[in-house]
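All values derive from a computational prediction rather than experimental measurement.
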Amino acid sequence: MAGNSQRRNRRTSNKKGATVGSGGKRRRGLEGKGPTPPAEMRKGHVKQRAANAKVRQASKRPAPRRGGPKGTNELVVGRNSVFEALRDGVPASALYVQQFIDSDERVRDALRLATERGGINLMEAPRPELDRMTNGLNHQGLVLQVPPYDYAHPEDLAAEAFDAGEDPLIVALDGVTDPRNLGAVVRSVCAFGGHGVVVPERRAAGMTAGAWKTSAGTAARTPVARATNLTRALEAYQKAGITVVGLAADGELELGDVEALDGPLVVVVGSEGKGLSRLVSETCDVRVRIAMPGGAESLNAGVAAGVVLYEAARRRRR
């Protein structure tokens, strides 16, 4: 009985034996947790809730419709043309050089420019292959491949301007088929702080090597959008609160009388011969004429766009 009593006492005894230490956990718990995080990162804070709401709202916004109809590969042929394209910054993916070519100054300069720019594949090819590539054109042993232009979507031009807190200033070309005119318009848009150029997908000039050269490098900074239907693209701009002004020799207002130039604006320029097409002309909010006291009947697209862009930029600086 005495033995049982002693075992019972040991089981019910309050005396504690050796205990395992905390391993420094209590000490680490007393250490500081670093600087207080910003309000936007603190769970439950009103600023964090506002930031989360902003992210949710942005996620619901449709993604930019980048990438209108793609262009196609283009070939620049001939020693002078290839050299000038490389010198003027025309984008290129490959330079084809004829095997056993008689190297002159233009060939050496073209090879040097292609090497210095980087990203251009230098390819050696037999003459029959270059003849096939160029459909028998006089390539003189040099062929430069220009990759397809990455066109924007017309809505992107206005969206990027609004996102930057600026009134859009855009030029749309209706029936302009000369790439050099397109390049000149791109150059004017860049010079006067515009946000891009819109061209129709069909029966219109695209961003070819000639357009790149005429733009004098500004095509790298000024987006060009391609519209499947120009009339619908202009109507979409109008729904976004942008005034569409068409240039026409018989316009109802002179350029100096147009009040909308200092606000969101799309300037529509037609071809030198035919002017604006009927549907595009009817879509414009107002048609404007440029006074020409010298008596010329019309201006080419590049000059006409430059005149209007200058006046719009001047008013916006007031």
- [ ] Report the distance from atom CZ of Arg187 to atom OG1 of Thr222, rounding to the nearest 0.5 Å.
- [x] 11.5 Å
Task: Cluster overlap Val267 with Leu261, hydrophobic side-chain contacts below 4.5 Å - done: yes
Task: 4.5 Å side-chain heavy-atom contact, Val77 and Val82 - done: no
Task: Donor-acceptor under 3.5 Å (Tyr149 side chain, Val224 main chain) - done: yes
Open item on the list: Could you check whether Glu74 and Thr208, counting side-chain N and O atoms only, form a donor-acceptor pair closer than 3.5 Å?
Closed with: no
Open item on the list: Using salt bridge (Lys or Arg N to Asp or Glu O under 4.0 Å), reason through Asp250 and Arg287 one step at a time and then give a plain yes or no.
Closed with: CA-CA 8 Å; Asp250 59 348; Arg287 297 190 314 150; 3.2 Å; yes
Task: Heavy atoms from other residues, nucleotides or ligands near CZ of Arg232 exceed 12 (cutoff 6.0 Å) - done: no
TODO: Please answer whether the main-chain N or O of Gly78 pairs with a side-chain N or O of Asn138 as donor and acceptor at a distance below 3.5 Å.
DONE: no
Task: Closest non-hydrogen atom pair between Ala92 and Ile120, with its separation - done: O-CG1, 3.6 Å
- [ ] State plainly whether the residues Lys239 and Glu235 are in salt-bridge range, i.e. N to O under 4.0 Å.
- [x] no
Open item on the list: To check you understand the geometry: which heavy-atom pair defines the closest contact between Pro147 and Ser93, and what is its length?
Closed with: CD-N, 3.9 Å
Open item on the list: Counting neighbours of CZ on Arg203 that are heavy atoms of other residues, nucleotides or ligands and sit closer than 6.0 Å, is the number greater than 12?
Closed with: no
Open item on the list: Could you check whether any side-chain heavy atom of Arg127 comes within less than 4.5 Å of a side-chain heavy atom of His139, counting everything from C-beta outward?
Closed with: yes
Task: Under 3.5 Å: donor-acceptor pair, side chain of Tyr237, backbone of Pro154 - done: yes
Task: Set of salt bridge (charged side-chain N to carboxylate O under 4.0 Å, His left out) partners for Arg108, sequence neighbours left out - done: none
- [ ] Please tell me if the side chains of Leu309 and Val189 come closer than 4.5 Å, counting only heavy atoms from C-beta onward.
- [x] yes
TODO: Any chance you could lay out the side-chain contact (heavy atoms from CB on, under 4.5 Å) test for Gln98 and Leu142, step after step, and finish with the verdict?
DONE: CA-CA 7 Å; Gln98 180 182 313; Leu142 285 185; over 6 Å; no
Open item on the list: Could you report the tightest heavy-atom contact between Ala301 and Gly270, atom names first, then the distance?
Closed with: CB-O, 4.4 Å
Open item on the list: With a 4.5 Å cut-off on side-chain heavy-atom distances among I, L, V, M, F, W and Y, is there a chain of contacts connecting Ile170 to Val185?
Closed with: no
Open item on the list: Quick check for you: to the nearest 0.5 Å, what is the distance between Glu124 atom CD and Phe100 atom CZ?
Closed with: 6.5 Å
Open item on the list: Taking salt bridge (charged side-chain N to carboxylate O under 4.0 Å, His left out) as the definition, give me every residue that meets it alongside Asp257, ordered by chain and number, with sequence neighbours left out.
Closed with: none
TODO: Please check if atom CD in Glu116 has more than 12 non-hydrogen atoms from other residues, nucleotides or ligands closer than 6.0 Å.
DONE: yes
Task: Heavy-atom pair of closest approach, residues Pro200 and Leu173 - done: CD-O, 3.0 Å
Open item on the list: For Glu259, is the CD atom crowded, meaning more than 12 foreign heavy atoms sit under 6.0 Å from it?
Closed with: no
Task: Check: His195/Glu160 side-chain N/O donor and acceptor closer than 3.5 Å - done: no
Task: Side chains of Asn181 and Val269 in contact at under 4.5 Å (non-hydrogen atoms) - done: no
Open item on the list: With heavy-atom distances below 4.5 Å as the criterion, would you say the side chains of Leu75 and Val146 are in contact?
Closed with: no
Open item on the list: Donor-acceptor check, side chain of Thr218 to backbone of Ser215, threshold 3.5 angstrom: yes or no?
Closed with: yes
TODO: Output the distance between atom CG (Asn121) and atom OH (Tyr96), rounded to the nearest 0.5 Å.
DONE: 8.0 Å
TODO: Examine distances only and state if a side-chain atom of Gln238 and a backbone atom of Thr283 form a donor-acceptor pair shorter than 3.5 Å.
DONE: yes
Task: Heavy-atom pair of closest approach, residues Val280 and Leu230 - done: CG2-CD2, 4.1 Å
Open item on the list: Whether the side chain of Tyr151 engages the backbone of Met207 through a donor-acceptor N/O pair (distance < 3.5 Å, no angle test) should be reported.
Closed with: yes
- [ ] Mind checking the OG1-CG spacing from Thr134 to Leu130? Nearest 0.5 Å is all I need.
- [x] 7.0 Å
- [ ] Indicate the atoms forming the closest heavy-atom contact of Arg221 with Cys190, along with that distance.
- [x] NH2-SG, 3.6 Å
Task: Chi angles and distances behind the salt bridge (Lys or Arg N to Asp or Glu O under 4.0 Å) call for Arg79, Asp104 - done: CA-CA 9 Å; Arg79 299 186 182 188; Asp104 62 7; 2.9 Å; yes
Task: Check: Asp285/Thr243 side-chain N/O donor and acceptor closer than 3.5 Å - done: no
- [ ] Rounded to the nearest 0.5 Å, what's the gap from CG on Leu95 to CG on Leu86? Could you check?
- [x] 6.5 Å
Open item on the list: How long is the straight-line distance from CZ of Arg289 back to CD of Glu254, given to the nearest 0.5 Å?
Closed with: 4.5 Å
- [ ] Mark yes or no for whether Arg316, through its side chain, and Gly263, through its backbone, hold a donor-acceptor pair below 3.5 Å.
- [x] yes
Open item on the list: Between Ser281 and Ser277 (side chain of the first, backbone of the second, donor and acceptor by atom type, cut-off under 3.5 Å), is there such a pair?
Closed with: no
